[in-house]
Amino acid sequence: MPRSANASLPARVIDGRAHAERLLADIRADVGDLVERHGIVPGLAVILVGDDPASDIYVRSKVRQTRRAGMRSFEHRLPAGVSSDALLDLIDRLNADPAVHGILVQLPLPSHLSSPTILAAIRPEKDVDGFHIVNAGKLAAGQTDGVIPCTPLGCLILLRAELGVLSGMKAVVVGASNIVGRPMARLLLLNRCTVTVAHLATRDLAAETRRADIVVVAAGSPDLITRDMIQPGATIIDVGISRVAAAGGTRIVGDADYEGVRAVAGRITPVPGGVGPMTIACLLYNTARTAGLAVPSWTPRMDQQSLF
């Protein structure tokens, strides 16, 4: 929301870690309830193909947080040269395993493996990333009972927690990927925002973002959004994460020029510490929710229907 009297103040920093901890507390309580009252221990299977260092870090973090939430973690590490048939066979076994409620294939996959084919093999009700065409199609059609992709869901939770009702706001999503940009636009539309989807090929991107009350940027382009590209008081959700050269080594930055944008914006997520923690928390939320579907009367403490 535009701010006038306080325009000279720096933006409020949206603490993604604090928001994630609150959601994780609810998830731990939900898991405890499922275990104690219904004998269900949510189980998340993570598949890592190859030895990419960044993917290894992500997987270790997800496994650690899964166990911390009281869930079972099933970790499958496969060689980079694994065949498509072998990977699909593993997914078939996990699909049939009643102890596994969620299956996650860490992306990117080696080039000889077709990501769409592999992701399509996961049963929609175990697709905790929300990438299956059934879940993507439900969201595209305005149905909110499917699995919602973790990063867009985390962004929406942050926006609703910080801004309350979003109805009538102008939102620009910069980036049109199936993982973040497109589902994010759908979630904002379901919240009755007026939504523009832009990307790196958009002509006069600044003209689009300057009209927005909310800018969600997920373009994978360091410091793409600068202070002259936003209106005073706008809320900036920065999904980008890149490692760039810096004195003495490297540093992690987002898609927004943090210090410059913070001087103008009303609210902004830092990188790191903003969207990232919420993505993992929402992964665990999706896992607990899919496990809870076995109990007809059970509703998670953070019911996603309340977000729409």
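Computation of the quantities below employed the complete heavy-atom set of this structure, encompassing side-chain atoms and omitting hydrogens, waters and symmetry-equivalent molecules. Residue indices begin at 1 and follow the sequence shown.
When atom types are taken as modelled, the side chain of Thr250 and the backbone of Ala245 share no donor-acceptor pair closer than 3.5 angstrom. Of the possible polar contacts, one joining the Thr66 side chain to the Lys62 backbone as a donor-acceptor pair under 3.5 Å is found. Judged purely by atom type and a 3.5 angstrom limit, Lys126 uses its side chain to pair as donor or acceptor with the backbone of Leu94. In this structure, Asp257 contributes its side chain and Ile225 its backbone to no donor-acceptor pair below 3.5 Å. The backbone N or O of Gly220 sits less than 3.5 Å from a side-chain atom of Asp255, completing a donor-acceptor pair. Between the side chain of His101 and the main chain of Thr290, no donor-acceptor pair closer than 3.5 Å is present.
For Arg227 and Glu259, the salt-bridge test fails: no basic side-chain N is under 4.0 Å from an acidic carboxylate O. A salt bridge links Asp56 with Arg60: the distance from a Lys NZ or Arg NE/NH1/NH2 to an Asp or Glu carboxylate oxygen falls below 4.0 Å. Taking the charged nitrogens against the carboxylate oxygens, Glu208 and Arg210 have no contact shorter than 4.0 Å, which rules out a salt bridge.
Each of Ile214, Val261, Thr269, Val264 was scored for a side-chain contact (heavy atoms from CB on, under 4.5 Å) with Ile236, with one residue passing: Val261. Checking Thr235, Leu159, Leu187 one by one against Leu166, the side-chain contact (heavy atoms from CB on, under 4.5 Å) holds for a single residue, Leu159.
Checking His19 against Glu162 by side-chain atom types alone, a donor-acceptor pair falls below 3.5 Å. Residues Trp298 and Asp33 have side chains that bring a donor and an acceptor to within less than 3.5 angstrom of each other.
Interatomic distance, CG of Leu156 versus CZ of Arg186, reported as 15.0 Å (0.5 Å rounding). With values rounded to the nearest 0.5 angstrom, Ile27 atom CD1 is found 5.0 Å from Leu24 atom CG.
Put simply, the side chain of Pro149 does not reach to within 4.5 Å of the side chain of Val180, judged on heavy atoms. Looking at heavy atoms from C-beta onward, Arg262 lies in side-chain contact with Val13 at the 4.5 angstrom threshold. Contact of the Leu44 side chain with the Val128 side chain is registered, since non-hydrogen atoms from C-beta on lie closer than 4.5 Å. Looking at heavy atoms from C-beta onward, Pro152 lies out of side-chain contact with Cys282 at the 4.5 angstrom threshold. Between Met169 and Leu188, every side-chain heavy-atom pair lies at or beyond the 4.5 Å cut-off.
The environment of Tyr58 atom OH is sparse: at most 12 non-hydrogen atoms of other residues, nucleotides or ligands sit within 6.0 angstrom. By the 6.0 Å contact criterion, CD on Glu36 is open, its count of non-hydrogen atoms from other residues, nucleotides or ligands being 12 or less. With a 6.0 Å radius and a threshold of 12 heavy atoms from other residues, nucleotides or ligands, Arg301 has its CZ atom above the threshold. Annotation for Ile133: atom CD1 does not count as buried by contact number, only 12 or fewer foreign heavy atoms lying within 6.0 Å.
Remark: Asp145 pairs with Lys138 by the salt bridge (charged side-chain N to carboxylate O under 4.0 Å, His left out) rule, at least two apart or across chains. Arg93 is linked by a salt bridge (charged side-chain N to carboxylate O under 4.0 Å, His left out) to Asp89, counting only residues two or more places apart in sequence or in another chain.
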(message) Working note: Asp85 + Ser83, criterion side chain to side chain donor-acceptor pair (under 3.5 Å); need CA distance, chi angles, decisive distance, verdict.
(response) CA-CA 5 Å; Asp85 287 344; Ser83 69; 5.5 Å; no

